[in-house]
Amino acid sequence: MPEGYTEVSEIELAKNAATGDEAAFAEIVRRFSPRVFRVASRFFRQRELVEEAAQEAFLKAFVQLKNYEGRGSLEGWLTRVTTNTCLNLLRSAKRQPQYEVSPMTENEAEWLEDQMSNKAFEKLRSDEQKMVAADLVDRVIGTLKPDDRLVLILMDGEENSVKDVAEMTGWTESKVKVQAFRARGRMRKAVLELLERSKNYIQGTVAGEKPR
Amino acid sequence: MKDKHIGDLIQENRIKDLSDADTTFVEAHMKQCPRCRMEFEAARIASVLLESRAAQTLEPSPFFEARVMNAWRERQAALMPLADRLWQAWNDTKLLVSGLATSLAVLLVLTFAGPGIRNDALLQASADDPYSAESILFAHQEVAGDLTDVDLLTEIYGDDDTEN
(Lines give C-alpha, C1' and ligand atoms only; values in the text may rest on other atoms or scores of the structure.)
Protein backbone atom coordinates (compact mmCIF):
# COMPACT_ATOMS: atom_id res chain seq x y z
CA MET A 1 0.00 0.00 0.00
CA PRO A 2 1.59 3.27 -1.09
CA GLU A 3 0.93 5.16 2.14
CA GLY A 4 3.08 8.10 1.09
CA TYR A 5 0.64 9.05 -1.66
CA THR A 6 -2.70 8.86 0.09
CA GLU A 7 -2.74 12.60 0.83
CA VAL A 8 -1.04 13.77 -2.35
CA SER A 9 -2.89 16.08 -4.79
CA GLU A 10 -4.12 14.76 -8.13
CA ILE A 11 -1.70 16.79 -10.23
CA GLU A 12 1.31 15.70 -8.20
CA LEU A 13 0.12 12.12 -8.29
CA ALA A 14 -0.24 12.28 -12.06
CA LYS A 15 3.21 13.86 -12.48
CA ASN A 16 4.91 11.19 -10.37
CA ALA A 17 3.03 8.35 -12.02
CA ALA A 18 3.96 9.69 -15.47
CA THR A 19 7.65 9.30 -14.59
CA GLY A 20 7.09 5.60 -13.92
CA ASP A 21 6.62 5.83 -10.14
CA GLU A 22 4.85 2.57 -9.37
CA ALA A 23 3.50 3.68 -5.98
CA ALA A 24 1.95 6.82 -7.49
CA PHE A 25 0.29 4.84 -10.25
CA ALA A 26 -0.97 2.27 -7.74
CA GLU A 27 -2.57 5.11 -5.77
CA ILE A 28 -4.32 6.37 -8.92
CA VAL A 29 -5.69 2.87 -9.54
CA ARG A 30 -6.83 2.58 -5.92
CA ARG A 31 -8.45 6.01 -5.85
CA PHE A 32 -10.26 5.91 -9.18
CA SER A 33 -11.14 2.22 -9.67
CA PRO A 34 -14.80 2.69 -8.64
CA ARG A 35 -15.26 5.52 -11.14
CA VAL A 36 -13.51 3.72 -14.00
CA PHE A 37 -15.53 0.60 -13.22
CA ARG A 38 -18.74 2.57 -13.32
CA VAL A 39 -17.88 3.99 -16.74
CA ALA A 40 -16.91 0.57 -18.12
CA SER A 41 -20.20 -0.84 -16.80
CA ARG A 42 -22.03 1.42 -19.27
CA PHE A 43 -20.55 -0.56 -22.12
CA PHE A 44 -20.32 -4.09 -20.77
CA ARG A 45 -22.46 -6.10 -18.41
CA GLN A 46 -20.38 -9.19 -17.61
CA ARG A 47 -17.91 -8.59 -14.79
CA GLU A 48 -15.03 -10.14 -16.69
CA LEU A 49 -15.49 -7.77 -19.63
CA VAL A 50 -15.86 -4.77 -17.33
CA GLU A 51 -12.62 -5.71 -15.52
CA GLU A 52 -10.76 -6.14 -18.79
CA ALA A 53 -11.97 -2.80 -20.08
CA ALA A 54 -11.19 -1.01 -16.81
CA GLN A 55 -7.69 -2.52 -16.73
CA GLU A 56 -7.04 -1.49 -20.32
CA ALA A 57 -8.29 2.01 -19.50
CA PHE A 58 -5.81 2.36 -16.63
CA LEU A 59 -2.92 1.09 -18.76
CA LYS A 60 -3.83 3.51 -21.52
CA ALA A 61 -4.18 6.32 -19.00
CA PHE A 62 -0.66 5.63 -17.76
CA VAL A 63 0.73 6.07 -21.27
CA GLN A 64 -1.22 9.30 -21.72
CA LEU A 65 -0.56 10.72 -18.25
CA LYS A 66 2.20 12.96 -19.58
CA ASN A 67 -0.52 14.79 -21.56
CA TYR A 68 -2.59 15.53 -18.45
CA GLU A 69 -2.05 19.18 -17.60
CA GLY A 70 -4.31 19.43 -14.59
CA ARG A 71 -6.84 21.77 -16.20
CA GLY A 72 -9.78 19.57 -15.23
CA SER A 73 -10.07 16.96 -12.53
CA LEU A 74 -8.08 13.76 -12.90
CA GLU A 75 -11.35 11.88 -12.46
CA GLY A 76 -12.92 13.67 -15.43
CA TRP A 77 -9.82 13.06 -17.51
CA LEU A 78 -9.84 9.36 -16.58
CA THR A 79 -13.55 9.16 -17.42
CA ARG A 80 -12.81 10.38 -20.92
CA VAL A 81 -9.89 7.99 -21.35
CA THR A 82 -12.05 5.09 -20.12
CA THR A 83 -14.94 6.07 -22.37
CA ASN A 84 -12.73 6.19 -25.45
CA THR A 85 -10.97 2.96 -24.51
CA CYS A 86 -14.30 1.16 -24.12
CA LEU A 87 -15.59 2.61 -27.39
CA ASN A 88 -12.48 1.39 -29.20
CA LEU A 89 -12.80 -2.04 -27.59
CA LEU A 90 -16.38 -2.28 -28.79
CA ARG A 91 -15.54 -1.02 -32.26
CA SER A 92 -12.71 -3.50 -32.67
CA ALA A 93 -14.67 -6.40 -31.17
CA LYS A 94 -14.91 -9.33 -33.53
CA ARG A 95 -18.60 -9.60 -32.86
CA GLN A 96 -20.17 -6.59 -34.48
CA PRO A 97 -23.77 -5.56 -33.78
CA GLN A 98 -26.25 -7.76 -35.58
CA TYR A 99 -28.69 -4.92 -36.28
CA GLU A 100 -31.49 -7.34 -35.49
CA VAL A 101 -32.97 -8.19 -32.12
CA SER A 102 -32.46 -11.86 -31.24
CA PRO A 103 -35.43 -14.02 -30.14
CA MET A 104 -36.87 -13.12 -26.75
CA THR A 105 -37.72 -15.22 -23.73
CA GLU A 106 -41.17 -15.67 -22.22
CA ASN A 107 -40.29 -13.32 -19.35
CA GLU A 108 -39.18 -10.63 -21.76
CA ALA A 109 -42.33 -10.94 -23.84
CA GLU A 110 -44.40 -10.69 -20.67
CA TRP A 111 -42.44 -7.65 -19.53
CA LEU A 112 -43.13 -5.86 -22.81
CA GLU A 113 -46.78 -6.82 -22.65
CA ASP A 114 -46.95 -5.32 -19.16
CA GLN A 115 -45.22 -2.21 -20.39
CA MET A 116 -47.86 -1.73 -23.03
CA SER A 117 -50.60 -2.05 -20.44
CA ASN A 118 -48.71 0.21 -18.00
CA LYS A 119 -48.49 -2.49 -15.33
CA ALA A 120 -44.74 -2.74 -15.49
CA PHE A 121 -43.99 0.33 -13.42
CA GLU A 122 -45.03 -1.45 -10.25
CA LYS A 123 -43.53 -4.74 -11.36
CA LEU A 124 -40.21 -3.16 -12.23
CA ARG A 125 -39.60 -2.73 -8.53
CA SER A 126 -38.98 -6.42 -8.06
CA ASP A 127 -35.42 -7.65 -8.59
CA GLU A 128 -36.57 -10.32 -10.98
CA GLN A 129 -38.26 -7.77 -13.21
CA LYS A 130 -35.18 -5.57 -13.08
CA MET A 131 -33.14 -8.50 -14.38
CA VAL A 132 -35.63 -9.10 -17.17
CA ALA A 133 -35.47 -5.45 -18.14
CA ALA A 134 -31.66 -5.52 -18.01
CA ASP A 135 -31.51 -8.60 -20.25
CA LEU A 136 -33.93 -7.00 -22.63
CA VAL A 137 -32.11 -3.69 -22.85
CA ASP A 138 -28.84 -5.51 -23.55
CA ARG A 139 -30.57 -7.37 -26.33
CA VAL A 140 -31.84 -4.10 -27.80
CA ILE A 141 -28.75 -1.95 -27.40
CA GLY A 142 -26.66 -4.87 -28.58
CA THR A 143 -28.12 -4.18 -32.01
CA LEU A 144 -26.89 -0.57 -31.94
CA LYS A 145 -23.51 0.85 -32.86
CA PRO A 146 -21.15 1.58 -29.93
CA ASP A 147 -21.53 5.36 -30.32
CA ASP A 148 -25.34 5.07 -30.27
CA ARG A 149 -25.20 2.85 -27.22
CA LEU A 150 -22.97 5.26 -25.37
CA VAL A 151 -24.93 8.40 -26.08
CA LEU A 152 -28.25 6.76 -25.15
CA ILE A 153 -27.00 5.41 -21.83
CA LEU A 154 -25.33 8.70 -20.96
CA MET A 155 -28.22 10.95 -21.98
CA ASP A 156 -31.42 8.97 -21.62
CA GLY A 157 -30.20 6.47 -19.02
CA GLU A 158 -28.07 8.59 -16.71
CA GLU A 159 -29.71 11.87 -17.68
CA ASN A 160 -26.49 13.74 -18.36
CA SER A 161 -26.66 17.05 -20.21
CA VAL A 162 -25.34 17.53 -23.74
CA LYS A 163 -22.44 19.52 -22.30
CA ASP A 164 -21.52 16.78 -19.82
CA VAL A 165 -21.65 14.11 -22.51
CA ALA A 166 -19.45 16.27 -24.73
CA GLU A 167 -16.90 16.51 -21.91
CA MET A 168 -17.00 12.79 -21.19
CA THR A 169 -16.59 11.73 -24.79
CA GLY A 170 -14.52 14.55 -26.23
CA TRP A 171 -17.18 15.07 -28.92
CA THR A 172 -18.54 18.50 -29.83
CA GLU A 173 -21.97 19.41 -28.44
CA SER A 174 -23.38 19.39 -31.99
CA LYS A 175 -22.11 15.88 -32.53
CA VAL A 176 -23.68 14.76 -29.23
CA LYS A 177 -27.06 16.20 -30.27
CA VAL A 178 -26.97 14.62 -33.74
CA GLN A 179 -25.76 11.30 -32.36
CA ALA A 180 -28.52 11.29 -29.72
CA PHE A 181 -31.17 12.15 -32.30
CA ARG A 182 -30.16 9.31 -34.59
CA ALA A 183 -29.59 6.84 -31.75
CA ARG A 184 -33.06 7.50 -30.30
CA GLY A 185 -34.57 6.79 -33.69
CA ARG A 186 -32.68 3.52 -34.05
CA MET A 187 -33.49 2.49 -30.49
CA ARG A 188 -37.17 3.20 -31.04
CA LYS A 189 -37.12 1.12 -34.18
CA ALA A 190 -35.50 -1.79 -32.31
CA VAL A 191 -38.14 -1.55 -29.55
CA LEU A 192 -40.93 -1.46 -32.13
CA GLU A 193 -39.50 -4.62 -33.61
CA LEU A 194 -39.43 -6.17 -30.14
CA LEU A 195 -43.06 -5.18 -29.54
CA GLU A 196 -44.02 -6.80 -32.82
CA ARG A 197 -42.24 -9.98 -31.79
CA SER A 198 -43.82 -9.84 -28.38
CA LYS A 199 -47.25 -9.68 -29.99
CA ASN A 200 -46.39 -12.67 -32.20
CA TYR A 201 -44.97 -14.50 -29.18
CA ILE A 202 -48.12 -14.02 -27.11
CA GLN A 203 -50.39 -14.93 -30.01
CA GLY A 204 -48.26 -17.99 -30.81
CA THR A 205 -48.32 -19.14 -27.19
CA VAL A 206 -52.09 -18.71 -26.96
CA ALA A 207 -52.59 -20.61 -30.23
CA GLY A 208 -50.25 -23.37 -28.99
CA GLU A 209 -47.65 -22.76 -31.66
CA LYS A 210 -43.95 -22.75 -31.05
CA PRO A 211 -42.99 -19.09 -30.60
CA ARG A 212 -40.44 -17.54 -32.89
CA MET B 1 -50.46 21.33 -36.18
CA LYS B 2 -52.18 18.09 -35.12
CA ASP B 3 -51.42 16.59 -38.50
CA LYS B 4 -47.69 16.82 -37.90
CA HIS B 5 -46.23 13.50 -36.73
CA ILE B 6 -44.33 13.35 -33.45
CA GLY B 7 -41.31 11.31 -34.57
CA ASP B 8 -38.83 14.19 -34.69
CA LEU B 9 -40.09 15.72 -31.47
CA ILE B 10 -39.52 12.57 -29.41
CA GLN B 11 -36.21 11.99 -31.12
CA GLU B 12 -34.86 15.45 -30.34
CA ASN B 13 -35.78 15.31 -26.64
CA ARG B 14 -36.07 12.86 -23.81
CA ILE B 15 -39.75 12.16 -23.23
CA LYS B 16 -39.60 13.47 -19.69
CA ASP B 17 -38.06 16.71 -20.97
CA LEU B 18 -41.00 17.55 -23.25
CA SER B 19 -42.53 20.93 -22.45
CA ASP B 20 -46.18 21.20 -21.38
CA ALA B 21 -47.11 22.52 -24.81
CA ASP B 22 -45.33 19.65 -26.53
CA THR B 23 -46.98 17.10 -24.23
CA THR B 24 -50.42 18.53 -24.99
CA PHE B 25 -49.70 18.40 -28.71
CA VAL B 26 -48.39 14.82 -28.52
CA GLU B 27 -51.41 13.61 -26.56
CA ALA B 28 -53.83 15.28 -28.96
CA HIS B 29 -52.01 13.89 -31.97
CA MET B 30 -51.83 10.33 -30.62
CA LYS B 31 -55.62 10.18 -30.32
CA GLN B 32 -55.95 10.39 -34.09
CA CYS B 33 -52.69 8.70 -35.19
CA PRO B 34 -52.20 5.03 -34.15
CA ARG B 35 -48.76 4.94 -35.74
CA CYS B 36 -47.50 7.83 -33.61
CA ARG B 37 -49.12 6.26 -30.53
CA MET B 38 -47.07 3.14 -31.18
CA GLU B 39 -43.93 5.24 -31.74
CA PHE B 40 -44.49 7.09 -28.50
CA GLU B 41 -44.97 3.82 -26.59
CA ALA B 42 -41.74 2.49 -28.07
CA ALA B 43 -39.89 5.66 -27.03
CA ARG B 44 -41.33 5.40 -23.51
CA ILE B 45 -40.28 1.75 -23.20
CA ALA B 46 -36.83 2.59 -24.56
CA SER B 47 -36.52 5.24 -21.88
CA VAL B 48 -37.49 2.78 -19.10
CA LEU B 49 -35.06 0.18 -20.43
CA LEU B 50 -32.18 2.65 -20.61
CA GLU B 51 -32.81 3.90 -17.10
CA SER B 52 -32.76 0.35 -15.76
CA ARG B 53 -29.53 -0.34 -17.66
CA ALA B 54 -27.89 2.82 -16.33
CA ALA B 55 -28.78 1.80 -12.78
CA GLN B 56 -26.66 -1.31 -13.13
CA THR B 57 -23.11 -0.70 -12.01
CA LEU B 58 -20.39 -3.01 -10.76
CA GLU B 59 -17.92 -2.46 -7.96
CA PRO B 60 -14.27 -3.44 -8.47
CA SER B 61 -13.24 -6.73 -6.86
CA PRO B 62 -10.61 -6.64 -4.06
CA PHE B 63 -8.07 -8.15 -6.47
CA PHE B 64 -8.60 -5.61 -9.22
CA GLU B 65 -5.80 -3.26 -8.12
CA ALA B 66 -3.29 -6.13 -7.95
CA ARG B 67 -4.43 -7.31 -11.37
CA VAL B 68 -3.88 -3.89 -12.93
CA MET B 69 -0.48 -3.48 -11.30
CA ASN B 70 0.67 -6.90 -12.53
CA ALA B 71 -0.42 -6.05 -16.06
CA TRP B 72 1.34 -2.68 -15.73
CA ARG B 73 4.62 -4.35 -14.65
CA GLU B 74 4.42 -6.84 -17.50
CA ARG B 75 3.85 -4.08 -20.00
CA GLN B 76 6.65 -1.97 -18.56
CA ALA B 77 9.01 -4.92 -18.80
CA ALA B 78 8.00 -5.57 -22.41
CA LEU B 79 8.62 -1.91 -23.33
CA MET B 80 12.18 -1.90 -21.91
CA PRO B 81 15.13 -2.13 -24.37
CA LEU B 82 16.86 -5.53 -24.44
CA ALA B 83 20.00 -4.32 -22.64
CA ASP B 84 17.91 -2.79 -19.85
CA ARG B 85 15.82 -5.93 -19.59
CA LEU B 86 18.97 -8.06 -19.25
CA TRP B 87 20.36 -5.69 -16.63
CA GLN B 88 17.04 -5.81 -14.75
CA ALA B 89 17.03 -9.60 -14.95
CA TRP B 90 20.60 -9.70 -13.66
CA ASN B 91 19.70 -7.43 -10.75
CA ASP B 92 16.73 -9.62 -9.93
CA THR B 93 18.78 -12.79 -9.98
CA LYS B 94 21.97 -11.36 -8.40
CA LEU B 95 20.89 -12.23 -4.88
CA LEU B 96 19.93 -15.72 -5.93
CA VAL B 97 23.26 -16.27 -7.71
CA SER B 98 25.32 -14.95 -4.78
CA GLY B 99 23.33 -17.16 -2.40
CA LEU B 100 23.98 -20.19 -4.56
CA ALA B 101 27.71 -19.36 -4.78
CA THR B 102 27.95 -19.05 -0.98
CA SER B 103 26.19 -22.37 -0.48
CA LEU B 104 28.53 -24.02 -2.97
CA ALA B 105 31.61 -22.63 -1.19
CA VAL B 106 30.36 -23.89 2.19
CA LEU B 107 29.72 -27.32 0.70
CA LEU B 108 33.24 -27.44 -0.79
CA VAL B 109 34.81 -26.48 2.55
CA LEU B 110 32.79 -29.12 4.36
CA THR B 111 33.64 -31.76 1.77
CA PHE B 112 37.39 -31.28 1.70
CA ALA B 113 38.27 -29.79 5.10
CA GLY B 114 35.58 -31.44 7.19
CA PRO B 115 36.84 -35.10 7.29
CA GLY B 116 40.37 -34.01 8.41
CA ILE B 117 38.99 -32.14 11.34
CA ARG B 118 36.78 -35.08 12.25
CA ASN B 119 39.71 -37.60 12.10
CA ASP B 120 41.92 -35.47 14.31
CA ALA B 121 39.15 -35.18 16.82
CA LEU B 122 38.59 -38.94 16.80
CA LEU B 123 42.27 -39.67 17.21
CA GLN B 124 42.44 -37.29 20.13
CA ALA B 125 39.40 -38.90 21.73
CA SER B 126 40.89 -42.36 21.22
CA ALA B 127 44.22 -41.29 22.66
CA ASP B 128 42.47 -40.25 25.89
CA ASP B 129 41.07 -43.79 26.28
CA PRO B 130 43.81 -46.05 27.84
CA TYR B 131 42.26 -49.18 26.34
CA SER B 132 41.94 -47.98 22.79
CA ALA B 133 44.04 -49.47 20.01
CA GLU B 134 45.72 -46.11 19.47
CA SER B 135 46.80 -45.82 23.17
CA ILE B 136 48.32 -49.28 23.10
CA LEU B 137 50.14 -48.55 19.92
CA PHE B 138 51.40 -45.23 21.32
CA ALA B 139 52.48 -47.02 24.56
CA HIS B 140 54.54 -49.43 22.53
CA GLN B 141 55.66 -46.82 20.10
CA GLU B 142 59.29 -47.66 20.59
CA VAL B 143 58.67 -51.26 19.53
CA ALA B 144 55.59 -50.72 17.38
CA GLY B 145 57.60 -51.32 14.25
CA ASP B 146 58.54 -54.76 15.50
CA LEU B 147 55.02 -55.86 16.49
CA THR B 148 53.40 -58.47 14.33
CA ASP B 149 49.63 -58.51 13.79
CA VAL B 150 49.28 -61.35 16.27
CA ASP B 151 51.28 -59.47 18.89
CA LEU B 152 49.14 -56.43 18.39
CA LEU B 153 45.89 -58.38 18.72
CA THR B 154 47.26 -60.11 21.82
CA GLU B 155 48.13 -56.74 23.33
CA ILE B 156 44.62 -55.47 22.71
CA TYR B 157 42.45 -58.47 23.49
CA GLY B 158 44.81 -60.60 25.67
CA ASP B 159 45.83 -64.22 25.16
CA ASP B 160 42.61 -66.26 24.92
CA ASP B 161 44.59 -69.49 25.42
CA THR B 162 46.21 -68.19 28.63
CA GLU B 163 42.87 -67.08 30.03
CA ASN B 164 41.34 -70.44 29.24
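Each chain gets a letter, A, B and so on, in the order the sequences are listed, and its residues count up from 1.
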**Q** At a heavy-atom distance under 4.5 Å, which candidate from B/Glu51, B/Met69, B/Arg14 has the highest pair count against chain A?
**A**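 The answer is B/Arg14.
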
**Q** We want to know whether B/Ser19 and B/Asp22 form a side-chain donor-acceptor pair, criterion being a heavy-atom distance below 3.5 angstrom.
**A** yes

**Q** Going by an N to O cut-off under 4.0 Å, is there a salt bridge joining A/Arg91 and A/Asp147?
**A** yes

**Q** Within the supplied structure, the quantity of interest is the number of heavy atoms (other residues, nucleotides, ligands) at a distance under 6.0 Å from A/Arg31 CZ; does it exceed 12?
**A**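 Counting neighbours around CZ of A/Arg31, more than 12 heavy atoms of other residues, nucleotides or ligands fall under 6.0 Å, so yes.
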
**Q** Are A/Arg35 and B/Glu59 close enough for a salt bridge, meaning some N to O gap below 4.0 Å?
**A** no

**Q** If the threshold is 4.0 Å, N to carboxylate O, is there a salt bridge linking A/Glu27 and A/Arg30?
**A** yes

**Q** Heavy-atom pairs under 4.5 Å with chain B - which of A/Met187, A/Glu158, A/Glu159, A/Lys177 has more of them than the others?
**A**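 Winner by heavy-atom pair count: A/Glu159.
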
**Q** Checking heavy atoms, do the side chain of A/Ile141, its backbone, both or neither come under 4.5 Å from chain B?
**A** side chain

**Q** Is A/Phe62 close to chain B through its backbone or its side chain, or both, or neither, when contacts mean heavy atoms under 4.5 Å?
**A**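 Side chain of A/Phe62 only, per the 4.5 Å heavy-atom cut-off to chain B.
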
**Q** At a heavy-atom separation under 4.5 Å, does B/Asp17 approach chain A through its side chain, its backbone, both, or neither?
**A** neither

**Q** Between A/Glu22 and B/Arg73, does at least one N-O distance fall below 4.0 Å, as a salt bridge requires?
**A** yes

**Q** Using non-hydrogen atoms only, which part of A/Phe32 is less than 4.5 Å away from chain B: side chain, backbone, both, or neither?
**A** neither

**Q** Counting heavy-atom pairs under 4.5 Å with chain B, which one of A/Lys189, A/Arg188, A/Arg182 comes out on top?
**A**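 Most pairs with chain B among the choices: A/Arg188.
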
**Q** Is the backbone of B/Leu58 close enough, under 3.5 Å, to the side chain of A/Arg38 for a donor and an acceptor to pair up by distance?
**A**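 Side chain of A/Arg38 to backbone of B/Leu58, a donor-acceptor pair under 3.5 Å: no, none is there.
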
**Q** Checking heavy atoms, do the side chain of B/Ile10, its backbone, both or neither come under 4.5 Å from chain A?
**A**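 B/Ile10 touches chain A through backbone and side-chain heavy atoms alike.
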
**Q** Between A/Arg42 and chain B, with a heavy-atom cut-off of 4.5 Å, which part of the residue counts as in contact: side chain, backbone, both or neither?
**A** backbone

**Q** Side chains of B/Ser61 and A/Glu51: donor-acceptor distance under 3.5 Å anywhere?
**A**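 Present: a donor and an acceptor within the cut-off.
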
**Q** What part of A/Ala40 gets within 4.5 angstrom of chain B, counting heavy atoms only: side chain, backbone, both, or neither?
**A** neither

**Q** Please identify, among B/Ser47, B/Pro60, B/Gly7, B/Ala43, the residue contributing the most non-hydrogen atom pairs under 4.5 Å to chain A.
**A** B/Pro60

